[in-house]
Amino acid sequence: QVQLVESGGGLVQAGASLRLSCAASGGTFSSYHMGWFRQAPRKEREFVAAITWTIGSTSYADSVKGRFTISRDNAKNTVYLQMNNLKPDDTAVYYCAAAFRPLSLRTSTMYDYWGEGTQVTVSS
């Protein structure tokens with residue numbers, strides 16, 4: 001059983017940066033692939049970024065590539081999403097998720113555990 005808690009969201013202006021954190025409970029964190037998804041108002045949940053249990057293997061949505069960076073610290077049971085040059089279109093609730101054996105890191109249904117989300121609002 002894995003429990004995930006996101007933090008670090010807030011209200012910022014366009015061009016600003018935020019770093020989201022996802023703290024995981026349990027001793028099996030290093031065995032899970034981790035992902036970030038987001039859901040904007042009146043829109044479907046979409047993939048943002050993912051990282052495998054092996055450090056260095058990452059994947060990003062085209063809309064955030066070059067601006068966002070996902071990383072993890074297995075010793076702290078924490079995954080991060082560094083978001084730079086934020087845009088109003090980045091406004092959404094951001095969710096952290098964990099997948100044990102996903103067929104695809106970009107598919108939400110492949111993830112076994114989810115956090116409750118943290119709100120990111122970017123003003124123009």
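The first residue in the sequence is number 1, and the count goes up from there.
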J.: Find the distance between CG (L81) and CE (M34) and round it off to the nearest 0.5 Å.
T.: 11.5 Å
J.: The criterion is ring-ring contact (aromatic ring centres under 6.0 Å, His included); which residues satisfy it with Y60, sequence neighbours excluded?
T.: none
J.: Please identify each residue that fulfils salt bridge (Lys or Arg N to Asp or Glu O under 4.0 Å) with K65, with sequence neighbours left out.
T.: D62
J.: To the nearest 0.5 angstrom, please state how far the CD atom of E46 sits from the CD atom of Q39.
T.: 9.5 Å
J.: Do V79 and V120 share a hydrophobic cluster, counting only Ile, Leu, Val, Met, Phe, Trp and Tyr and linking them when any side-chain heavy atoms are less than 4.5 Å apart?
T.: yes
J.: Check P41 against T91 and note the closest heavy-atom contact, atom names and distance.
T.: CD-O, 4.3 Å
J.: Could you list the residues that satisfy ring-ring contact (aromatic ring centres under 6.0 Å, His included) with F68, not counting sequence neighbours?
T.: none
J.: Would a single hydrophobic cluster contain both F100 and L4, if residues Ile, Leu, Val, Met, Phe, Trp and Tyr are joined by side-chain heavy-atom contacts under 4.5 Å?
T.: yes
J.: Under the rule for side chain to side chain donor-acceptor pair (under 3.5 Å), what residues qualify as partners of S123, not counting sequence neighbours?
T.: none
J.: Given side chain to side chain contact (heavy atoms under 4.5 Å, CB included), test D73 with Y80 step by step and report yes or no.
T.: CA-CA 8 Å; D73 187 336; Y80 305 96; 4.1 Å; yes
J.: Indicate if V122 and V64 have the same hydrophobic cluster label, given that clusters are the connected sets of ILVMFWY residues with side-chain heavy-atom separations under 4.5 angstrom.
T.: yes
J.: Report whether Y94 and V2 are members of the same hydrophobic cluster (ILVMFWY, side-chain heavy atoms less than 4.5 Å apart, transitive linking).
T.: yes
J.: Quick one: pull up OG in S57 and CD1 in I70 and give me the separation to the nearest 0.5 Å.
T.: 11.5 Å
J.: Quick one: CH2 on W36 to CD1 on I51, what's the gap to the nearest 0.5 Å?
T.: 12.0 Å
J.: Flag this pair as yes if the NZ/CZ of R45 is under 6.0 angstrom from the six-membered ring centre of F37 and inside a 45 degree cone about the axis; otherwise no.
T.: no
J.: For residues 108-119, which residue pairs qualify under side chain to side chain donor-acceptor pair (under 3.5 Å), counting only residues two or more places apart or in two chains?
T.: Q119-T121
J.: Is there a chain of hydrophobic side chains (I, L, V, M, F, W, Y, each step under 4.5 Å between heavy atoms) that links M83 to Y95?
T.: no
J.: Run the side chain to side chain contact (heavy atoms under 4.5 Å, CB included) test on E6 and L20 for me, step by step, so that the C-alpha distance in whole Å, both residues' side-chain angles and the decisive distance to 0.1 Å come before the verdict.
T.: CA-CA 7 Å; E6 304 96 335; L20 304 183; over 6 Å; no
J.: Sort and list the pairs that fulfil salt bridge (Lys or Arg N to Asp or Glu O under 4.0 Å) and have at least one residue in residues 82-111, not counting sequence neighbours.
T.: R38-D90, R67-D90
